Novice: 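Just passing along the structure, written as structure tokens.
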Amino acid sequence: MRRRFLVFALLVLPGCRATKAHVREFDGAAAFHYLETQVAFGPRIPGTVAHQRMAGWLDSLLRQRADTLIVQSWTHVSAAGDSLPLTNFVARFKPAATKRLLFLAHWDSRPRADSPTSPDSTKPVPGANDGGSGVALLLGVADVLKRVPPTVGVDLLFVDGEDYGDFTKTPNDVLMGSRYYASHPAPGPQPLYAVLFDLIADKDLQIFQEGNSLVGAPEVVELVWNVAKDLGYAGTFVATPKHTLIDDHLELQKVGIRAIDVVDFDYPSWHTKDDTIDKVSGASLQIVGDVAMELVRRE
Ligand SMILES: [Zn+2]
């Protein structure tokens, strides 16, 4: 598998650059509207009405677009003893196809603004970029796949409970949806690879390569950054490692899925009460959406 990918990346990608005309299928403005809708629900904190409403909205949107929708619901008891109702959504396109891609994003948002730079634990994170952007991207992809079905199978996984607890003190209270999915995967073969999207709508978008992605699935990192370069986005997808993150991709890597994280971690409003709609843009969603769609169309 790994060698096959390397050959693909080395031989095929450079040849595409000058010759292939790329059709723009993804609609960044429509994706931005999905982001606004999420923020309007209020913080999507597990156990709140906003979270419940967002779940209903996702369910109905995905049911109208996907070939199959898997809904995974369970209850997680947090370290503090709270019972959290959690739900993952898996929107499947061509569910019988053996060759598949998996894109994922978390749809919950963080209950406390605990950023080390400007903490305010009395306030939640609005989650325009953190959570909102990845979901907006996946919904934009769902719109395109509904219109023009893929030749490969595509699963869009919306994980819950990524951002609830403290990543060091209560590690069972974060990455909950991806951990659940890793032990309850959709039926059929594993995807060729998986891409996690988060914090990808920053107006000042620069996406460096992430350390744990380079360790766990370097050939997938190479593929994604090559696709971005072919589309003229080398200035946004910077082919240099920068941050190393504990994120949902690691839970998938643990069960053998070649998962990477596409994330702009240079976001001053991260985990603050200022992660609001004025910090994000449809133009940024457009760039990452174009890359996501090109990954689907190139398979
Ligand atoms: Zn977060």
Side-chain angles (χ1 to χ4, degrees), residues 34-35 38-39 41-48 50-51 54 58 76 78-80 82 84 86-88 103-138 157-181 195-208 210-213 242-252 259-280 284-285 288:
Y34 289 134
L35 205 163
Q38 293 172 76
V39 172
F41 282 123
R44 286 80 67 207
I45 303 164
T48 64
H51 182 263
M54 166 97 180
L58 268 182
H76 175 86
S78 75
D82 300 324
L84 307 173
L86 299 177
T87 306
N88 285 345
F103 293 159
L104 67 151
H106 76 93
W107 71 266
D108 62 307
S109 61
R110 190 162 188 77
R112 282 166 297 278
D114 61 351
S115 137
T117 52
S118 65
D120 183 350
S121 60
T122 66
K123 298 255 172 34
V125 174
N129 201 12
D130 192 354
S133 65
V135 167
L137 182 97
L138 262 52
L157 168 61
F158 300 75
V159 291
D160 202 352
E162 185 270 344
D163 222 355
Y164 189 82
D166 184 303
F167 276 78
T168 45
K169 290 181 201 145
T170 57
N172 285 334
D173 293 348
V174 296
L175 312 178
M176 293 184 273
S178 54
R179 200 176 305 121
Y180 188 92
Y181 184 81
V195 183
L196 165 64
F197 295 98
D198 198 12
L199 301 168
I200 41 95
D202 186 355
K203 277 181 175 168
D204 172 28
L205 190 67
Q206 268 207 316
I207 304 175
F208 290 86
E210 186 273 329
N212 283 321
S213 306
K242 193 163 182 184
H243 304 284
T244 294
L245 304 174
I246 294 170
D247 208 343
D248 285 318
H249 63 318
L250 293 187
E251 296 298 330
L252 300 186
I260 71 158
D261 201 354
V262 168
V263 55
D264 175 3
F265 202 63
D266 299 305
Y267 180 56
S269 303
W270 176 74
H271 285 194
T272 74
K273 60 180 171 33
D274 303 318
D275 179 8
T276 45
I277 200 79
D278 54 305
K279 312 297 189 309
V280 292
S284 295
L285 287 170
V288 184

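All values reported here derive from a predicted model rather than from experimental measurement. In each ligand, atom 1 is the first atom listed, and ligand 1 is the first ligand listed. Numbers for residues simply follow the sequence, beginning at 1.
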Novice: With respect to the Zn ion (ligand 1), please indicate if His106 possesses an N, O or S atom at a distance under 2.8 Å.
Specialist: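 So His106 does not bind the Zn ion (ligand 1) by this criterion.
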Novice: Would you say the side-chain atoms of Asp173 pair up with the backbone N or O of Ser78, donor to acceptor, closer than 3.5 Å?
Specialist: no
Novice: Between Trp107 and Thr87, is there a donor-acceptor pair closer than 3.5 Å when you use the side chain of the first and the backbone of the second?
Specialist: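 A pair under 3.5 Å: yes.
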Novice: Determine, for Asp275 against Arg110, whether the closest basic-nitrogen to carboxylate-oxygen distance falls under 4.0 angstrom.
Specialist: no
Novice: Hey, what do you get for CD1 (Ile260) to CD (Glu210), rounding to the nearest 0.5 Å?
Specialist: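 Spacing of CD1 (Ile260) from CD (Glu210) equals 9.0 Å.
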Novice: Of all the N, O or S atoms in Asp163, which has the shortest distance to the Zn ion (ligand 1)?
Specialist: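 Closest to the Zn ion (ligand 1) among those atoms: OD2.
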Novice: Which N, O or S atom name in Asp130 marks its closest approach to the Zn ion (ligand 1)?
Specialist: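 For Asp130, the N, O or S atom at the smallest distance from the Zn ion (ligand 1) is OD2.
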